[in-house]
Amino acid sequence: MAQDSPPNKSTPTNHRRSRTKFTQDQLKVLIKAFDKNPYPGYATKEKLALEVNTEESRIQIWFQNRRARHQKKSESDENLESSQDHDHLEEEIQSREDRHRRCRTNYTPSQLHTLVEAFSNNAYPGFDSREQLAKEIGIPEPRIQVWFQNRRSRFHVQRKREPDKNLEQRQDQEQDL
DNA sequence: GCTAATCTTATCAACAACCTGTTGATAAGCCCATTAGC
């Protein structure tokens, strides 16, 4: 059965990915892009990744973290800058055009079998395990990470629903008697 | 202490079949998510 709790800190295979250290030059590029559009689409993130010589997944995480830290500030700024509505409108249009998502990954039955088996052994694989799986089935590691996130989430939802289902079954049985 | 990495939860959206369920991708997180490396 899948491990249904966050990873054990003492488990050696559950290492995190090593921290990315962005240089000042890289940060300059990223901050400029963020100020222009805090919700870049996949194409823009890919372009930025090339420009600052890192992986697209690192760009995605950087934007997520930056939004989390700057959401509050930008909301209050927006109230002060109501005179700049026109500029905001143009940016909004541009950002809407740039919201194309990454293409869906289509897993083959064999790839899914490997993933499901891995999930049943450990629902919280560390970076090394994810990399190993990625190599094994030929899918990028960030996609593996998302697959596990979705699988855990749906696993938790299913588990929450199960008691209700059991209760319904019991009620049905009682009615039959 | 700052911030990259990771987590859960909710939602969007593509896809297979024809309206809806499944599932990959993305966003938010409010006593402003938590964890952990530097």
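Per chain, numbering begins at 1; letters A, B, ... match sequence-line order. Values below: every heavy atom of this structure, side chains too, minus hydrogens, waters and symmetry copies.
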Residue pair [X] / [Y], side-chain heavy-atom distance below 4.5 Å:
X: I137(A); Y: L112(A); value: no
X: Q64(A); Y: R69(A); value: no
X: R151(A); Y: V116(A); value: yes

Under 4.0 Å between a Lys/Arg side-chain N and an Asp/Glu carboxylate O for [X] and [Y]?
X: K45(A); Y: E55(A); result: no
X: E141(A); Y: K135(A); result: no
X: E56(A); Y: R102(A); result: yes

Per [X] side chain, nearest of listed nucleotides [options]:
X: R69(A); options: dT3(B), dT6(B), dC7(B); result: dT3(B)
X: R154(A); options: dT9(B), dT23(B), dA27(B); result: dT23(B)
X: V146(A); options: dA5(B), dT26(B), dC7(B); result: dT26(B)

Using the [atom1] atoms only, state how far [M] lies from [N], rounded to an integer number of Å.
N: dT34(B); M: dC30(B); atom1: C1'; answer: 14 Å
N: dA33(B); M: dG29(B); atom1: P; answer: 9 Å
N: dA36(B); M: dC31(B); atom1: P; answer: 23 Å
N: dC19(B); M: dC15(B); atom1: C1'; answer: 13 Å
N: dT26(B); M: dT6(B); atom1: C1'; answer: 15 Å
N: dC2(B); M: dC32(B); atom1: C1'; answer: 16 Å
N: dT23(B); M: dA17(B); atom1: P; answer: 13 Å
N: dC38(B); M: dA10(B); atom1: C1'; answer: 33 Å

Indicate whether OP1 or OP2 belonging to [N] is found under 4.0 Å from a side-chain N or O atom of [X].
X: Y39(A); N: dA28(B); value: yes
X: R16(A); N: dT35(B); value: no
X: T20(A); N: dA5(B); value: yes

Check for me, please, whether [X] and [Y] land in the same ILVMFWY cluster - side-chain distances under 4.5 Å, paths through other members count.
X: V29(A); Y: L27(A); answer: yes
X: F34(A); Y: V52(A); answer: yes
X: V146(A); Y: V157(A); answer: no

Between W62(A) and F22(A), how do the two ring planes meet: parallel, tilted or perpendicular, split at 30° and 60°? perpendicular
Can you tell me how the ring of F119(A) sits relative to the ring of F148(A), calling it parallel under 30°, perpendicular over 60° and tilted otherwise? tilted
Does atom CD (Q145(A)) have a neighbourhood of more than 12 heavy atoms from anything else shown, all under 6.0 Å? yes
Report the base-pairing partner of dA17(B) (Watson-Crick or G-U wobble, both distances below 3.5 angstrom), or none. none
How do V157(A) and K45(A) order along DNA chain B: which one's closest nucleotide is nearer the 5' end? V157(A)
Whole angstrom is fine here: how far is it from [atom1] in [X] over to [atom2] in [N]?
X: W62(A); N: dC2(B); atom1: CH2; atom2: C1'; result: 14 Å
X: Q60(A); N: dA4(B); atom1: CD; atom2: P; result: 14 Å
X: Q158(A); N: dT22(B); atom1: CD; atom2: C1'; result: 13 Å
X: N150(A); N: dT8(B); atom1: CG; atom2: C1'; result: 11 Å
X: N65(A); N: dG29(B); atom1: CG; atom2: P; result: 14 Å
X: H15(A); N: dA5(B); atom1: NE2; atom2: P; result: 16 Å
X: I59(A); N: dA27(B); atom1: CD1; atom2: P; result: 14 Å
X: Q26(A); N: dA4(B); atom1: CD; atom2: C1'; result: 13 Å

Please tabulate, one pair per line, each protein N/O and nucleotide N/O from nucleotides 16-19 of chain B that are separated by under 3.5 Å, including the distance.
none

Answer with yes or no whether R101(A) presents, from its side chain, a donor or acceptor under 3.5 Å of a partner atom in the base of dC12(B). yes
Go through the N and O atoms of the side chain of R19(A) and the base of dT3(B), and report whether any donor-acceptor pair is under 3.5 Å. yes
Tell me what Q145(A) touches on the nucleic acid: a base, only sugar-phosphate, or nothing, going by heavy atoms under 4.0 Å. sugar-phosphate
Near DNA chain B, counting only heavy atoms under 4.0 Å, which residues of residues 104-113 of chain A show up? R104(A), T105(A), Y107(A)
Under a 4.0 Å heavy-atom cut-off, which of residues 130-144 of chain A touch DNA chain B? R130(A), R143(A)
Pick out which of I59(A), T54(A), D25(A) makes a side chain to side chain contact (heavy atoms under 4.5 Å, CB included) with L30(A). I59(A)
Going from CD on E51(A) to CD on E46(A), what distance comes out if it is rounded to the nearest 0.5 angstrom? 13.0 Å
